[in-house]
Amino acid sequence: DGGITQSPKYLFRKEGQNVTLSCEQNLNHDAMYWYRQDPGQGLRLIYYSQIVNDFQKGDIAEGYSVSREKKESFPLTVTSAQKNPTAFYLCASRSGGGGLGETQYFGPGTRLLVL
Amino acid sequence: SQQGEEDPQALSIQEGENATMNCSYKTSINNLQWYRQNSGRGLVHLILIRSNEREKHSGRLRVTLDTSKKSSSLLITASRAADTASYFCATTEYGNKLVFGAGTILRVKS
């Protein structure tokens, strides 16, 4: 069953704590993305990776970090430097070829809440 | 920054009616895509239209693109309650990333 999985579905963060959101895909896609979605708004790009061991900052990278050690996995860490982390986080992937803007496939999302 | 702006922000119709959503953007684009998001879920790709195309169909969906007016429309014909969702347009400038609008919330009443 191919697709993108994100875990956990809900995540609670305490003040000053780093938390890591998981994103895994078995679509054999080269590119992967992390977006943040706030209520009533569109998606904003946090980080993206076009190949293993390489990633680029998006529009709102401050307070976040990523790694891309495996093609299938692109975890996102929300660090204590991110002062307003409460949001819905979406991971996406895209097959190789074409430009950065070709069709993306999304995971089900992780909702991060601050305690 | 947001490239696409959807209109209206919210739309409520009866089942069986057609729903039309519009998207305007600011710069030259390579392609424009429409996505659907059910409440609390991920986005699902609906359709992609390239800058050299004017109209595209997929089942009950019809998308038009007017590059001279920098606008696109998504028409859902014979709407169903299951079409209730948020709809986003996303644009790509040449060789650049996807930029999403704020979305249109569609409610189809049965």
Side-chain angles (χ1 to χ4, degrees), chain A residues 2-11 21-25 27 29 31-50 55-61 87-95 97-113, chain B residues 1-11 21 23-51 53 56 58 63 65 72 85-107:
Chain A
I4 303 176
T5 57
Q6 290 186 242
S7 62
K9 187 172 183 180
Y10 295 96
L11 185 58
L21 286 62
S22 169
C23 177
E24 304 277 332
Q25 54 100 358
L27 300 167
H29 283 173
M32 297 185 74
Y33 305 80
W34 274 106
Y35 294 92
R36 170 180 171 141
Q37 185 178 31
D38 292 284
Q41 297 190 31
L43 279 64
R44 291 184 290 168
L45 183 63
I46 305 173
Y47 268 99
Y48 64 97
S49 168
Q50 295 189 75
F55 48 83
Q56 309 293 330
K57 292 182 179 179
D59 299 318
I60 55 165
F88 190 49
Y89 290 86
L90 288 159
C91 179
S93 70
R94 174 184 61 79
S95 62
L100 290 172
E102 297 297 311
T103 300
Q104 295 184 13
Y105 298 84
F106 284 81
T110 291
R111 190 164 300 279
L112 177 60
L113 300 164
Chain B
S1 61
Q2 288 181 341
Q3 160 79 301
E5 297 290 336
E6 288 92 341
D7 171 59
Q9 289 185 319
L11 181 61
M21 287 159 269
C23 172
S24 59
Y25 57 91
K26 297 171 185 169
T27 64
S28 296
I29 60 170
N30 184 29
N31 64 54
L32 185 144
Q33 304 178 42
W34 285 91
Y35 288 81
R36 184 187 75 227
Q37 183 180 35
N38 290 87
S39 182
R41 310 288 291 272
L43 275 69
V44 175
H45 178 258
L46 295 176
I47 200 163
L48 180 153
I49 186 164
R50 300 199 182 277
S51 60
E53 298 176 311
K56 207 160 182 181
S58 177
V63 168
L65 179 64
S72 173
S86 294
Y87 292 82
F88 295 90
C89 69
T91 53
T92 318
E93 298 171 19
Y94 289 95
N96 211 323
K97 58 188 184 295
L98 276 183
V99 179
F100 289 83
T104 291
I105 300 171
L106 173 65
R107 181 185 171 206

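All values below come from the heavy atoms of this structure, side chains included, with hydrogens, waters and symmetry mates left out. Quick note on labels: first sequence line is chain A, next is B, and so on, each numbered from 1. From a predicted model like this one, the values you see are computed outputs, not experimental measurements.
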Heavy-atom contact with chain B under 4.5 Å, split by part of A/Q37: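 Just its side chain gets close to chain B.
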
Structural part of A/Y35 lying under 4.5 Å from a heavy atom of chain B: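 Contact with chain B is through the side chain of A/Y35 alone.
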
If you look at every heavy atom in A/Q104 and B/Y35, which pair is closest and at what distance?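 What the structure gives for the nearest pair is N-OH, 3.1 Å.
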
Could you tell me which non-hydrogen atom of A/F88 sits nearest to which non-hydrogen atom of B/Q37, and how far apart they are?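 A/F88 and B/Q37 have their closest heavy atoms at CE2-NE2, 3.8 Å.
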
How long is the span from the NE2 atom in B/H45 to the CZ atom in A/F106, to the nearest 0.5 Å?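 It is 10.0 Å, given to the nearest 0.5 Å.
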
A/T103: which of B/L46, B/L48, B/L98 passes side-chain contact (heavy atoms from CB on, under 4.5 Å):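 By the side-chain contact (heavy atoms from CB on, under 4.5 Å) criterion, A/T103 pairs with just one of B/L46, B/L48, B/L98: B/L48.
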
Does CD belonging to B/Q9 count more than 12 external heavy atoms closer than 6.0 Å?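 Not buried by this count: 12 neighbours or fewer within 6.0 Å.
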
Within a strict 4.5 Å, meaning less than it, do heavy atoms of the B/N31 and A/E102 side chains meet?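 Result yes, sub-4.5 Å side-chain heavy-atom pair found.
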
